[in-house]
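A short write-up of the structure that comes next.
No experiment lies behind these values; they were computed from the predicted model shown. Residue numbering restarts at 1 for every chain, and letters A, B, ... go by the order of the sequence lines.
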Amino acid sequence: MFRLKLLPCYLPAKNCLYSVLKLTTLTRHHLSNHIDHHLFDEIPQKDISSLNSLLNSYIRNGDAVTTWNLFHKMHCFCTDLNSYTFTPVLNACWALQNPKLGIQAHTLMIKLGVDTEIVPKTALIDMYSKYGQLGDSVSAFYEMGYRDVVAWNAILSSYLRHGLPQKAVDLFVDMRKERLEFSEFTLCSVLKACTSLKAYQKGKQIHALILVLGRDLVVLSTALINFYSNLGQIDEAVEIYRTLSWRKDDIMYNSLISGCVRNKRYDAAMSIMSLIRPNAVALTSALSACSENSDIWIGKQIHGVMIRQEFIHDTQLSNALLDMYAKCGKIREASLVFDKISRKDVVSWTSMIDAYGVHGHGAKAIDLFKRMEEENNVLPNPVTFLAVLSACGHSGLVELGREYFYMFQEKYGLVPGPAHYACFIDMLGRAGQIEELWSLFLGMVEKDVKPSSAVWAAVLNSCRINLDVERGEFAAKRLIQLEPDNPGNYVSLSNFYAAIGRWDSVDELRSIMKKRGIFKGEGGSWVTMHKFGDKFQCENSGAPSF
DNA sequence: TTAGGGTTAG
């Protein structure tokens, strides 16, 4: 026997933390049910195909609540639900972020015998994947008797969504071996997998396949631009853009702009930016270019565009704006932007904490972190953990730094990685706590955290400050082994030898650098000059990034 | 009816 009760869903997606069962205990006047009983009665055509079309319209307009509520009514009053009913409903289940709804819909599909049909089964692969349930998504795929190209594409996307690009590539190789049909969707996913895997040759092969098939669609070209620019081949990416015969769209331009920024082609990014109507994603990339290039002049102009075009409520874009001001040394402006972000996410909080930390305002950074905890709607992540530690380090707040190093683990279950250890080791070294530093280092190794070059550099620097010759030489050896071409490491080592009076080693090191062709670039500051008539105005833009 | 391309903190 099989008993199933579908429950109505009244609240929008973000409130779906409440279980469906809890929802039923709420009183009706607290809720907004777009499809109530009377409205359902008023729907003129109540045959199943009209109702299915209505479900599709609601979900296409992004109204998942109404889609689910209409489905609930249909379940009560219709006896002929079919596969066309469930495809929009499964989408709604995911949009409502409530896995219980998905399970209810899936159960009903099994009861009605539509779960084995190819289209709703593919929708199940997708729904479970979007819920984060890779196992259920894969099960749905392997339960299929016959799999069409859309089903294969859905499972490829599922693997990519779960950070398994190699699985996606392996599956594509299987598809080719079995001479299965593939489509532009398939090639897009495989290109994305190649990008994640940094698999240049494989990606080139897909590019060749696209050329042979003559499928230079804008979506595929965007995936190619993204692939090449992520692998440092920005000229190839620009060539794709130049030779594209299809109409270029915003997403393609955005991909090219972010690719130029990623490859430090800031002027090119700005030129492409000027070709399009501003959109939030392009502006975010452009602001990122200003941050990297310390170009507050352009950054301020983008801020103006944001205000004029009403992008100011976009959290992600505002985070980039905040970061731009902070990186250009304008901490007050960064703070003003932060205050105006109405829906602050973990990146907003972390960026501002880090901005205070970098500018030496450790106490303000800590106060802000406390505020973040009090507001209680955003949880810190490993980057927040690092920003707080770094803020303590920059301001010499060793006691607080120690407290937070353990608190983040105990209260939030965040596991420190090499970057966290490097930061804490640096802090302890500067404070002369060399024995605590070593016991921390040994504890880290015992926990199987592999020391990164940043860890060895922090250890070496601590040994220089504390004149610990033996352990300093040990750290130096490891550091140079790990990064033999990084000039900064040789400078650290040279400073270490100088501190312990080994001037012969300093000279030896310099000649080794010369012999190996390793040069340390000089430091500097950017000053932006603007000409107004015959007068110049200077803008101090902070430190450059070499 | 199902599947695809772009963005922020370290």
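- In this structure, A:K327 reaches the B:dG10 phosphate: one of its side-chain N or O atoms is under 4.0 Å from OP1 or OP2.
- One can place CD of A:E184 at 14 Å from P of B:dG4, the figure rounded to the nearest angstrom.
- Among the atoms of the strands shown, only primed sugar atoms or phosphate atoms (P, OP1, OP2) are found under 4.0 Å from some heavy atom of A:R262.
- A:N52 comes within 4.0 angstrom of no nucleic acid atom, judged by non-hydrogen atoms across all strands.
- Among the protein residues, A:D250 comes within range of no part of the nucleic acid, since none of its heavy atoms lies under 4.0 Å from any strand.
- Considering only the side chain of A:S285, B:dT7 comes nearest among B:dT1, B:dT7, B:dA3.
- With B:dG4, B:dA9, B:dT2 as the choices, the nucleotide that has an atom nearest any side-chain atom of A:V383 turns out to be B:dA9.
- Put simply, CG on A:L321 is 13 Å from P on B:dA9, counting in whole angstrom units.
- Between the NE2 atom of A:H359 and the C1' atom of B:dA9 there is a distance of 15 Å, rounded to whole Å.
- Here A:S258 reaches the OP1 or OP2 of B:dT7: one of its side-chain N or O atoms lies under 4.0 Å away.
- With respect to the salt-bridge test (charged N to carboxylate O, under 4.0 angstrom), the residues A:K121 and A:E117 do not qualify.
- A salt bridge links A:K204 and A:E236; the closest N-O separation between the charged side-chain nitrogens and carboxylate oxygens is under 4.0 Å.
- Of the candidate nucleotides B:dT8, B:dG5, B:dT1, B:dT8 has the atom lying nearest to any side-chain atom of A:V347.
- A:K121 comes within contact range of no nucleotide atom at all, as no heavy-atom separation falls under 4.0 Å.
- Among the heavy atoms of the strands lying under 4.0 Å from A:S351 are primed sugar atoms or P, OP1, OP2 only; no base atom is included.
- At the heavy-atom level, A:R60 lies nowhere under 4.0 Å from the strands shown.
- For the pairing with A:S137, the side-chain hydrogen bond (donor to acceptor under 3.5 Å, both in side chains) check across A:S129, A:S157, A:S158 returns one residue only, A:S158.
- At whole-Å resolution of the value, CG in A:L256 and P in B:dG5 are 18 Å apart.
- The A:T222 side chain lies nearest to B:dG5 when the options are B:dA3, B:dG5, B:dA9.
- Side-chain proximity of A:I251 to B:dG5, B:dT2, B:dT7: nearest is B:dG5.
- One atom, CD1 of A:I155, and another, C1' of B:dG4, lie 15 Å apart when rounded to the nearest Å.
- When the P atom of B:dA9 is taken as reference, atom CD of A:Q316 falls 9 Å away, rounded to whole Å.
- Taking only side-chain atoms of A:D126, from C-beta outward, the nucleotide of B:dA3, B:dG4, B:dT8 with the closest atom is B:dA3.
- A:S183 comes within 4.0 angstrom of a nucleotide base, judged by non-hydrogen atoms across all strands.
- Nearest approach of A:V337 to A:L321, heavy atoms of both residues: CG2-CD2, 3.8 Å.
- Distance CG (A:N279) to P (B:dG5): 17 Å, rounded to an integer number of Å.
- The side chain of A:N91 approaches B:dT2 more closely than any other nucleotide in the set B:dG4, B:dT2, B:dA9.
- Residue A:S83 is in base contact, counting any heavy-atom pair closer than 4.0 Å across all strands shown.
- Within the nucleic acid shown, A:M252 comes within 4.0 Å of at least one base atom, counting heavy atoms only.
- Remark: P of B:dT7 and CG of A:D314 are 14 Å apart, rounded to the nearest angstrom.
- Using a 4.0 Å cut-off between a side-chain N of Lys or Arg and a carboxylate O of Asp or Glu, A:K327 and A:D323 qualify as a salt bridge.
- Between A:F405 and A:P416, some side-chain heavy-atom pair lies under the 4.5 Å cut-off.
- Checking B:dT2, B:dT1, B:dA3 against every side-chain atom of A:A154, the shortest atom distance belongs to B:dA3.
- Ring pair A:F408/A:Y404 is tilted by interplanar angle, where 30° to 60° counts as tilted.
- Contacts of A:V149 with the nucleic acid, taken as non-hydrogen atoms under 4.0 Å apart, are absent.
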